[in-house]
Amino acid sequence: MTTLVFLEHHEGELLKGSLGVLSKAAQLGGDVAGVVLGAGVGEVASQAGPYGAQTVYVVDHESLKAPLPQPRVDGLAALIRDRGFDNVLFAQSVLAADVAAGLAARLDAGLNWDLVDLEIADGELVGKRPAIADSVVVDVGWTTTPRLALVRTGTFEPVESGGSASIEQVDASFEDFSTTAKMIEQAHAEAEGVSIEDADVIVAGGRGLGGPENFTLVEELAKALGGAVAATRAVVDAGWYPYSTQVGQTGKTVSPKLYIACGISGAIQHKVGMQGSGTIVAINKDPNAPIFEFCDFGVVGDVHAVVPKLTELVRSRKGG
Ligand SMILES: Cc1cc2nc3c(=O)[nH]c(=O)nc-3n(C[C@H](O)[C@H](O)[C@H](O)COP(=O)(O)OP(=O)(O)OC[C@H]3O[C@@H](n4cnc5c(N)ncnc54)[C@H](O)[C@@H]3O)c2cc1C
């Protein structure tokens, strides 16, 4: 089995999501390669070896400088046609979704997306995909090769196995229509502190906080624990907290070591985004709230009383 992993990068670093998918591919076995496309990306490619890539193909060209999909589809399609891969894996991102969809069309290949796990059954790749509003997980396969797969954000953690990859430069040529789109401007959202995708500790707030002003309760607890703040869709839709912090089916998938849910009911669409957390703590005044069915520790109580006390306790234990 041969697998190619699309290695996305930003500011000279391979993205955690791509490294997670690469680590998973290495665990599944067979020949595992990565591909880095960009301009001046030779250094970036060498970061993939420790995460399980035996070979990293580098497609380095000025036309790949901007994070636009079409030139990447050209580069990947040529590589896949020349070398032949059974599986081509992507970690979900706006760019990866565009590239994977364009590649599927170009190669007339099947693409399964939003996968939350991968396994080998009878020597063939099988994807796991949530369905029916994330209430069940179904097995999905492919009828042809290459099998293209987009993996949901945060599904696999990067695991260093200590290897090193051989780096192979690949020539690029582009279709006329692939280089006509130009990037005019690129903006970055400024965020303070650790992001929810990378945080070991997340304190999440729901509608039970009662209003946007009460998010200071979760912010204070997150600060005391050195963690990040997340939110439910209900509060994001109400404009209480930014969309970038939404956890769940239509938000981000997170897997911190500790997830503290404050005033969150635990709807299935929220649960699917945080059920991979190490330890889940819920604070909710309703003993029948669904979150108590899947949390590890539950406190039945009012967030306004419990959360400040918890913050105080953490601060005093930390000696400050
Ligand atoms: C297609 C679709 C996609 C969705 N995607 C997402 C998603 O990505 N993420 C997401 O989060 N949701 C998503 N939802 C919405 C989801 O179904 C829930 O409506 C939402 O998660 C509820 O948010 P909540 O827990 O903050 O609010 P509620 O369900 O209103 O729960 C508030 C909780 O706070 C408790 N409470 C109230 N006052 C207090 C207090 N003083 N102290 C302690 N507890 C208190 C209540 O007992 C209650 O359990 C989606 C829905 C659909 C249909």
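When a ligand or atom number is given, it counts from 1 through the structure's own listing order.
Considering backbone and side-chain N/O atoms, I283 never comes within less than 3.5 Å of an N/O atom of ligand 1. For ligand 1, none of its N or O atoms has an N or O atom of A231 under 3.5 Å away. In terms of polar-atom proximity, G266 is not counted as a contact of ligand 1, lacking any N or O under 3.5 Å from an N or O of the ligand.
In this structure, F6 and F90 have tilted ring planes: the angle between them lies in the 30° to 60° band. The aromatic rings of Y259 and H270 lie tilted to each other, with the angle between the two planes from 30° to 60°.
Short contacts between ligand 1 and G251, defined as distances under 4.0 Å to a heavy atom of the residue, involve ligand atoms 8 (O). Within ligand 1, counting atoms from 1 as listed, the ones closer than 4.0 Å to a heavy atom of D302 are 40 (C), 41 (N), 42 (N). Listed by number with element, the atoms of ligand 1 under 4.0 angstrom from any heavy atom of G301 are 42 (N), 43 (C). Residue contact check: G263 has heavy atoms under 4.0 Å from atoms 32 (C), 33 (C), 34 (O), 44 (N) of ligand 1.
Remark: of the listed residues T3, T145, T2, T3 is the sole one forming a side chain to side chain donor-acceptor pair (under 3.5 Å) with N87.
Of all protein heavy atoms, the one closest to atom 42 (N) of ligand 1 is V303 N, 2.9 Å. What sits closest to atom 44 (N) of ligand 1 on the protein, heavy atoms only, is K285 N, 3.1 Å. For atom 12 (N) of ligand 1, the closest heavy atom belonging to the protein is R233 CB, 3.2 Å. The protein heavy-atom contact nearest to atom 40 (C) of ligand 1 is G208 O, 3.4 Å. Among all non-hydrogen protein atoms, the one lying nearest atom 53 (C) of ligand 1 is Q269 NE2, 3.9 Å. Taking atom 47 (O) of ligand 1 as the reference point, the nearest protein heavy-atom neighbour is N284 OD1, 2.8 Å. Remark: minimum distance from atom 24 (P) of ligand 1 to any protein heavy atom is reached at T232 OG1, 3.6 Å. For atom 31 (O) of ligand 1, the nearest non-hydrogen atom of the protein is S265 CB, 3.3 Å.
The proximity of A267 to ligand 1, defined as any non-hydrogen pair under 4.0 Å, is limited to the side chain. If you look at V247 next to ligand 1, the close heavy atoms, those under 4.0 Å, all belong to the backbone.
Atom CD of E43 sits in a sparse spot, with 12 or fewer heavy atoms from other residues, nucleotides or ligands closer than 6.0 Å.
Between D302 and K285 there is no salt bridge, since no side-chain N of the basic residue sits under 4.0 Å from a carboxylate O of the acidic one. A salt bridge links R83 to E168: one of the charged nitrogens lies within less than 4.0 Å of a carboxylate oxygen. Salt bridge E312/K309: absent, no basic N to carboxylate O contact under 4.0 Å.
When the side chains of ILVMFWY residues are joined at heavy-atom separations under 4.5 Å, either directly or via intervening members, L79 and M1 end up in two distinct hydrophobic clusters. Linking Ile, Leu, Val, Met, Phe, Trp and Tyr residues whenever their side-chain heavy atoms come within less than 4.5 Å leaves V281 and V300 in two separate clusters.
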Checking side-chain hydrogen bond (donor to acceptor under 3.5 Å, both in side chains) for the pair E220/T311: CA distance, chi angles, key distance, verdict?
-> CA-CA 7 Å; E220 288 294 310; T311 306; over 6 Å; no
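Put simply, CZ on F156 and OG on S18 are 13.0 Å apart, with the number rounded to the nearest 0.5 Å.
Under the 4.0 Å distance rule, the nearest protein heavy atom to atom 19 (O) of ligand 1 falls outside the cut-off.
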